[in-house]
Each structure stands twice: as structure tokens, then as C-alpha cells.
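Notes follow once the structure below has been shown.
Protein chains get the first letters and strands the later ones, always in sequence-line order, with residue 1 at the start of each. This structure is a prediction, so every number in the text was calculated from the model and none was measured.
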Protein chains: 2
Amino acid sequence: MATIYDIAKACGLSPATVSKALSNASDVSAATRERVRRIAQELDYVPNAGARALSQSRTWSIGILCQDTSQMGLWHYLFAQVIESFKDYVEQHGYDIVFISNKVGNMGLSYLGHCRYRRVDGVFIVNTDHAQTDARELMESNLPKIAIDFENEKIGCVKTDPEESMRMLFTHLYDLGHRNIVYLHGERGKYITEERIAALEKAAAEASDKSVNLRLFPSRYYSIEGGFDSMKKLLSATKDDRPTAVIASDDYTAIGVIEAVRAAGLSVPEDISVVGFDGIEITQRTNPSLTTIRQDTKAIGEAAAKNLLSQIAGEEDVPKTVSLKPQLICGESCRDIK
Amino acid sequence: MATIYDIAKACGLSPATVSKALSNASDVSAATRERVRRIAQELDYVPNAGARALSQSRTWSIGILCQDTSQMGLWHYLFAQVIESFKDYVEQHGYDIVFISNKVGNMGLSYLGHCRYRRVDGVFIVNTDHAQTDARELMESNLPKIAIDFENEKIGCVKTDPEESMRMLFTHLYDLGHRNIVYLHGERGKYITEERIAALEKAAAEASDKSVNLRLFPSRYYSIEGGFDSMKKLLSATKDDRPTAVIASDDYTAIGVIEAVRAAGLSVPEDISVVGFDGIEITQRTNPSLTTIRQDTKAIGEAAAKNLLSQIAGEEDVPKTVSLKPQLICGESCRDIK
DNA sequence: ATTGTATGTAAAATCGTTTTAGGAAGGACC
DNA sequence: GGTCCTTCCTAAAACGATTTTACATACAAT
């Protein structure tokens with residue numbers, strides 16, 4: 001493959017001049033620049049990203065961490081959309097993406113190790129067990145970085161405003177007359193879980209209505225089966241005091257919840273109203289269609305990208321946290337019981 | 001960040017020896033090797049993939065081309081699973097993945113240009129418009145490469161055996177008594193479309209039954225809306241000779257088909273039987289659940305990875321085409337009309 | 001004693017860029 | 001004519017590895 005040396009030789013110039021000509025440096029005459037360009041074309045020259053990276057000490061690549069014990073793998077519908085939006089954005093700015101893993105070859109690299117091996121210019125933490133040593137090490141590092149739905153002193157985040165989201169859901173149910181509500185929340189201890197629980201309890205408290213009975217019940221994220229099992233347990237645990245509405249941790253869980261309600265011989269929304277979270281496409285195709293909070297995945301990906309690129313560029317005053325507006329999608333899974 | 005030079009200095013050795021010690025070369029004493037290892041640990045050394053690539057002229061990275069005009073983007077459920085499986089496999093062998101695009105920065109790189117810019121060791125063509133100039137250029141190149149559902153002289157492929165798949169579907173419907181069948185096929189001209197149509201017609205011919213009436217009707221891949229629209233048209237075009245069964249090009253299309261049947265005041269499977277293709281998870285959650293052909297996405301990804309790594313290793317007799325077994329999943333979308 | 005063979009290490013070249021420091025040529029100005 | 005800018009270009013170092021060649025030393029075989 002042709003290199004700048006080949007071009008230099010063909011043009012009768014030095015490699016340095018060729019490099020500058022190709023990168024639009026100011027101290028090359030227009031005539032020379034054009035000649036170099038032409039010859040480069042003719043020789044089918046493509047720069048070597050690795051060599052460039054070595055000399056610039058930046059690779060124009062960004063790491064993405066999206067790993068989880070959940071069976072969904074990397075391709076959770078929601079995360080996938082966020083990643084795609086992120087990728088499109090950074091790609092336009094010349095970056096490629098590297099999926100960070102701690103199982104590369106037999107090198108025994110940690111997440112951070114992998115980032116350093118590939119010399120990524122920054123990292124986007126989409127999903128991981130934030131409590132795990134490996135993830136912690138990465139977040140402690142001083143790489144430019146941004147996360148989704150997680151933050152601490154060392155890392156900022158992009159998220160769909162939890163306060164507003166949960167208030168929207170609660171208010172929607174409350175206005176339909178629901179007072180006996182259960183939140184089927186995701187794994188306790190996860191940052192986003194705690195945040196949403198707090199937000200929901202706050203919204204409930206703000207109603208200042210003694211008749212409101214908000215209870216929590218554990219489930220897990222992104223699992224139809226998990227939603228099914230949890231709802232089954234919930235139903236048998238609340239025989240005498242069945243909730244009139246259930247807020248699922250996410251849309252998959254909500255699908256499972258609906259199945260469980262049916263399996264118990266009850267109906268949605270006649271007997272129990274159900275709402276989800278995330279607003280993935282399929283929720284509008286289910287039967288009944290689901291009332292849920294839509295997260296704007298495109299905006300999330302873009303906001304994360306913009307923030308990270310600003311950090312990489314060394315800009316000052318890069319916002320630490322970006323909070324995006326949720327949108328309530330009204331399906332047919334809730335009944336007015338007033 | 002520590003380099004082998006730092007280690008060399010700390011050990012009182014030459015960089016060459018350090019390099020060899022770290023790569024388990026034979027001509028380094030065990031004692032030296034251990035010492036180097038220890039110091040490397042202490043200095044928190046991580047090799048620089050770019051530098052390594054420059055000197056080895058291989059990057060340990062593989063390009064993935066998965067782009068399409070379809071609105072599904074990169075994250076089509078089926079392709080996503082294949083890519084994940086592929087990624088897991090090559091990752092274990094030390095490779096990272098690069099998504100190939102023709103919109104990187106403002107460099108105006110073609111697909112092949114991007115591959116050359118990043119010096120990928122091989123490329124996996126998951127989905128693209130194979131007729132497009134850019135894709136053709138890539139396939140003409142002499143990079144190690146493998147595709148899904150496409151092949152020609154220059155590139156081999158991994159696919160779910162079309163002959164067997166289509167025969168399974170046809171036979172299933174035939175055995176249920178269906179004689180009036182429509183295939184709602186994907187875009188004409190696509191390799192896989194033509195292959196499946198031919199396979200289906202062959203299976204129908206093999207029935208040697210004059211009463212079999214197999215018709216083709218155009219639709220497009222992976223679109224619920226597309227399936228809906230096509231089925232609507234089909235219903236109005238066949239008022240007097242409605243098919244008893246419809247084979248959709250894929251599961252998404254099948255979902256749209258079912259909606260269209262309902263919208264026409266008919267029912268699945270009472271009035272019309274519907275089958276899909278791909279076997280994505282959600283088809284078992286729809287109402288009714290879908291009879292479909294399951295493609296083994298994990299096996300596809302692995303087969304592609306294995307094949308590509310063999311090519312990269314320069315092995316001889318790497319199989320050009322790998323054909324995998326389909327699996328018939330029986331849902332409740334077909335009725336026995338005998 | 002000589003030759004040969006491992007063995008362990010070092011020096012230097014190489015990979016393809018970018019960057020820094022400077023040099024030559026030519027014009028403008030006093 | 002000398003000084004000072006510009007403008008355009010080059011040489012050389014740097015980036016961080018790997019790889020090839022060469023050179024010691026030790027020890028065995030002849």
C-alpha cells in the first residue's frame with residue numbers, strides 16, 4: 001500500500017511536505033497541495049490510522065462499555081438504539097468505536113486495560129455492573145468518559161429525567177383514580193433504581209392524599225420472564241389487597257406482567273392497569289398496547305457523544321450531567337376507575 | 001504510560017529482550033522472563049496496539065459492514081444477534097471489531113477505504129446493498145472476507161440452508177391441507193430473495209400436485225408496516241381467490257401481515273394461516289404466536305468468525321460456503337384445513 | 001585445542017505518520 | 001546594500017512496538 005514516502009518520491013518532495021499538504025497545513029503552496037493530492041489519488045493512498053495514532057497519541061477511537069449479566073447481551077433494544085445514535089454522531093467527527101471487554105484474547109486485560117491497549121480517546125459507559133471492581137477501576141481512571149443512568153464524583157451522565165418521568169407516570173395513574181399502586185422496580189442498589197424509587201415516592205408524597213397506597217415489589221430489568229414471575233408472586237402476596245395499577249421497571253417487564261395477569265385469569269386493563277418504561281417500538285404492537293414513558297434514545301446517544309467529544313477536546317465547563325425530557329405514551333393498558 | 005523502554009531501563013535490559021520476554025519467545029531465560037513480567041506489572045504496562053500493529057502489519061481488528069437503507073439501522077434484531085456471536089468469538093482470539101462506514105469524518109472514504117484506513121485484518125459483511133458500487137468495491141478487494149446470505153466468485157457466505165428452510169415451510173403448510181399459498185417475498189434482486197423464491201418453487205414442484213397454487217407477491221424485508229401494506233394490497237387483489245396461507249419474508253413482515261388480516265375483519269389462523277421467517281424471540285409472544293423458521297444466529301456468527309479467522313491465518317481449503325440447518329418453530333398461526 | 005552448538009542479550013532497522021526547528025529564496029523597506 | 005519578513009519547503013526526531021542480525025559466553029563434542 002502506498003505511503004507518504006511513495007507520494008513524496010513521485011512528487012519530488014519530502015514526506016513532511018506531503019503530510020502537510022494532505023492535512024491542509026498553511027505552509028504549503030496551493031500548487032504543491034494540488035499536485036500532492038492528485039498523486040495521492042493516483043497511487044490510491046489511504047493514511048494508516050495506526051501510524052497516525054502513534055505519532056499523534058490519539059487514536060480517533062472511542063470505547064463503549066455495554067456488558068451485563070442480563071441475558072440480553074449487548075443488543076438490548078434500548079441500548080442498541082442509544083449506541084447507534086452515539087456511533088453516528090462520533091463517526092461524523094472521525095471516530096470509530098471499540099467495544100470494551102475484559103475477555104480479549106488471553107491477555108487478561110481489565111476494562112481499563114483494554115481501553116489502554118487500544119488507546120481509546122474516551123469511553124462511553126452504556127451498561128455495566130457499576131459496583132464491580134473492573135467497572136470501578138474504569139470509572140476511577142482519568143480517561144474522558146460519560147455514562148448512562150449513573151453518576152458519581154468521577155463520572156457524569158446522561159439520563160431521562162427520573163423525577164419528571166416518575167411523576168408523569170404517577171400522576172397519570174392518580175388522575176385515572178388509582179390509589180393502590182405497586183412499583184415493580186429493578187435491581188435494588190443500582191443507581192437508576194434508587195433514583196426512580198425516590199422520585200416515585202416523592203411524586204406520591206406530593207399528592208398529599210392519605211388514601212394513596214404505594215408499595216414496592218422487587219423484579220429485575222429487561223426480562224419478560226422476570227416480570228411474569230414477579231407479578232405472579234405479587235398477586236399471590238396481595239390476595240386481599242390487590243393493587244389497581246402496577247408500574248413495571250421497563251417495557252419487557254411490563255409485557256411479562258401482562259402475561260401474568262392473564263395467567264391469573266384477570267385482564268389488563270379491566271382488573272389491573274399496567275404501565276411500562278422506555279417506550280420501545282414493540283410496546284405499541286402488543287395487546288393491549290402499553291402506556292409507558294418514552295426515552296428519546298437518539299437524543300441520549302447524541303448528548304453523550306457531544307459531551308464526550310467536548311471532554312476530549314479539553315473544553316472547559318463541560319456539563320457534568322445531562323437530563324433529558326421524558327414523553328408519556330398513552331396506550332390501552334390503563335383504565336379509568338373513577 | 002509505561003513502554004517497553006521503561007521496563008528495559010528498570011530491568012537493565014534492552015527493549016528487544018523485554019519484547020521477547022513478554023511474548024514468550026524461546027531465547028529468553030526463565031529468570032529474565034519472570035523479572036520482566038514482574039516489573040511490567042509494577043509499572044502498570046499495557047502494550048500499545050497501534051505500535052504493535054505498525055510493526056506487525058496486522059491490527060487484530062475486523063471490520064463489520066452492516067448498513068442498509070432499511071429503517072432498522074444497525075440493530076436489526078437478527079443481525080444484532082449474529083454480530084454479537086461473531087464478536088464474542090473473534091474477541092476470544094484477540095480481535096476487536098470496527099464498524100465500517102462510508103461517512104467517517106470528512107475524509108470521503110469508501111467502505112474499502114475505511115477498511116484500509118483502519119487496516120482491518122478481515123471483514124464481515126452482514127448486511128448491505130450488494131449491488132451498490134461501494135459494496136462491490138469492497139467485495140472485489142482481496143481482503144479476507146465473509147458475508148451472510150450472499151455469495152459470488154469473490155466472496156463466500158454463511159446462510160441458513162434456503163432449500164431446506166423453504167421446503168420445511170411449504171411441506172408444513174401442504175400437510176395442513178393448504179394448496180393456495182402466497183409468498184410475500186422481500187426485495188427482488190437480492191441474492192437471498194431469489195434463492196428463497198427458487199427454493200420455494202422447487203419444493204412446490206416436488207409436491208407434483210396440480211392443485212397447488214403458489215403465487216408470489218412483493219413486500220420488503222423487516223418492516224411491520226411493509227407487511228401490513230403488502231397484505232392489504234394482496235387481499236384486495238385476490239378477492240375471488242384468497243390464499244389460505246401466506247408465507248412472509250420474515251417475522252416482522254408476518255406481524256404486519258397478521259395486523260392487516262385483522263384489519264380486514266378476518267382472523268389468523270381461522271381464515272388465513274401465516275408463517276414467518278427468522279424465529280426472533282418476540283414471535284413467541286405475539287398473538288397468535290407465529291409459526292416460523294428459526295435461524296441459529298449464534299451458529300451463524302460463529303461459523304462466519306471461524307471461517308474468517310481461517311482465511312486470515314492463511315489456511316488452505318477454507319470452505320467457501322457454510323450452510324446451516326433451519327429449525328421449524330410451530331406457533332399457533334396456522335390452521336389445519338383438511 | 002579446536003570446532004560446534006545452544007543460549008541469552010543487544011543493536012539497529014522497520015513500520016507510517018506528525019511535529020519541531022530551521023533553512024533558502026525572494027521581496028519590501030530603510 | 002543590509003535588514004527583516006514572508007513563503008515554501010526539508011531534515012530529523014519522535015511515537016512504541018517487533019524483528020532481524022549479530023555478538024558474546026558457556027559448554028559439549030571432536
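The residue among L54(A) and S29(A) whose nearest nucleotide of DNA chain D is located toward the 5' end is S29(A). Of the two residues contacting DNA chain D, namely Y5(A) and G12(A), the nearest-nucleotide position lying further toward the 5' end is that of G12(A). Remark on DNA chain C: of its neighbouring residues A16(B) and A51(B), the 5'-side contact belongs to A16(B), judged by nearest-heavy-atom nucleotide.
Taking atom CG of residue L43(B) and atom C1' of nucleotide dG16(D), one finds them 15 Å apart after rounding to whole Å. Rounded to whole Å, atom C1' of dA17(D) lies 15 Å from atom CZ of R58(B). We find that CG of D6(A) is positioned 8 Å from P of dG16(C), with the value rounded to whole Å. Here the C1' atom of nucleotide dA17(D) and the CZ atom of R119(A) are 10 Å apart, to the nearest Å. Rounded to whole Å, the distance from CZ on R33(B) to C1' on dT7(C) is 13 Å. Counting to the nearest Å, the C1' atom of dT19(D) and the CZ atom of R52(B) are 13 Å from each other. Going from atom CD1 of I4(A) over to atom P of dT19(C) covers 11 Å, rounded to whole Å. Going from atom NZ of K9(B) over to atom C1' of dA10(C) covers 16 Å, rounded to whole Å.
Within 4.0 Å of S19(B), counting heavy atoms only, lies at least one base atom of the nucleic acid. Residue-level contact check: V46(A) touches the backbone only, with heavy atoms under 4.0 Å from sugar-phosphate atoms and none from bases. Using a 4.0 Å heavy-atom distance criterion, T32(B) is classed as a sugar-phosphate-only contact.
OP1 or OP2 of dA10(C) lies within a sub-4.0 Å distance of a side-chain N or O belonging to T17(B). For dT17(C), neither phosphate oxygen OP1 nor OP2 lies less than 4.0 angstrom from any side-chain nitrogen or oxygen of Y117(B). In this structure, S14(A) reaches the dT10(D) phosphate: one of its side-chain N or O atoms is under 4.0 Å from OP1 or OP2.
Here dG16(C) is the nucleotide among dC9(D), dG16(C), dG16(D) with the atom lying nearest to any side-chain atom of N48(A).
Counting atom types as modelled, K20(A) pairs a side-chain N or O with a base atom of dT10(D) as donor and acceptor under 3.5 Å. Side-chain atoms of D27(A) and base atoms of dC8(D) include no donor and acceptor less than 3.5 Å apart.
Between the side chains of D88(B) and Q92(B), no donor-acceptor pair of N or O atoms lies under 3.5 Å. Judged by distance alone, the side chains of Y221(B) and T193(B) do bring a donor and an acceptor atom under 3.5 Å apart.
Within the 3.5 Å criterion, the main-chain N or O of D134(A) finds no donor-acceptor partner in the side chain of S110(A).
Between E151(B) and the choices H130(B), K159(B), K320(B), the side chain to side chain donor-acceptor pair (under 3.5 Å) rule is met once, by K159(B).
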Handout entry: Test log, rule side-chain contact (heavy atoms from CB on, under 4.5 Å), inputs D44(B) and R116(A)
Key = CA-CA 10 Å; D44(B) 204 13; R116(A) 301 213 292 152; 3.0 Å; yes
